[in-house]
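Structure first, then comments.
Numbers here are sequence positions counted from 1. These numbers were taken from a predicted model, which means no experiment stands behind them.
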Amino acid sequence: MSKQLTPFTDAVFAEGELSATMKELVAVAVANVTQCPYCIRQHTAAAIQRGATAAQIMEAISIAAEMRAGAA
């Protein structure tokens, strides 16, 4: 796992009520909606490192695209 930027980021992405993997999948979806290439790359890699499958990542992106009317 790459070093996070702040203690807040470390706390946000730690295991909690949502698993760390689920949190990264949410971040992948949000990154696609905001269309931040750095965030997409970083959170996709982090999701994979935490055990997310390619199918889970694509499903998260599909949800983001649907919520943004196809613009993700």
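Proximity of Ile48 to Ile57: side-chain heavy atoms (C-beta onward) are separated by under 4.5 Å at one or more points. The shortest distance between side-chain heavy atoms of Gln56 and Leu25 falls below 4.5 Å.
Checked against side chain to side chain contact (heavy atoms under 4.5 Å, CB included), Thr34 has the following partners two or more places apart in sequence or in another chain: Val30, Cys36. For Ile40, the side chain to side chain contact (heavy atoms under 4.5 Å, CB included) partners at least two apart in sequence or on another chain are Ala31, Asn32, Thr44. Not counting sequence neighbours, the partners of Glu15 by the side chain to side chain contact (heavy atoms under 4.5 Å, CB included) test are Ser19, Ala20. The side chain to side chain contact (heavy atoms under 4.5 Å, CB included) check on Ala27 picks up Phe13, Glu24, His43, with sequence neighbours excluded.
Counting all heavy atoms, side chain and backbone alike, Thr21 lies closest to Arg50 at OG1-O, 2.7 Å.
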Test side chain to side chain contact (heavy atoms under 4.5 Å, CB included) applied to Arg68 and Gln35, step by step: CA-CA 11 Å; Arg68 187 130 192 255; Gln35 299 178 338; 3.7 Å; yes
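In this structure, Tyr38 shares a hydrophobic cluster with no other residue, the cluster being traced through Ile, Leu, Val, Met, Phe, Trp and Tyr side chains under 4.5 angstrom apart. Taking Ile, Leu, Val, Met, Phe, Trp and Tyr as members and joining any whose side-chain heavy atoms lie under 4.5 Å apart, directly or through other members, the hydrophobic cluster of Met22 also contains Leu18.
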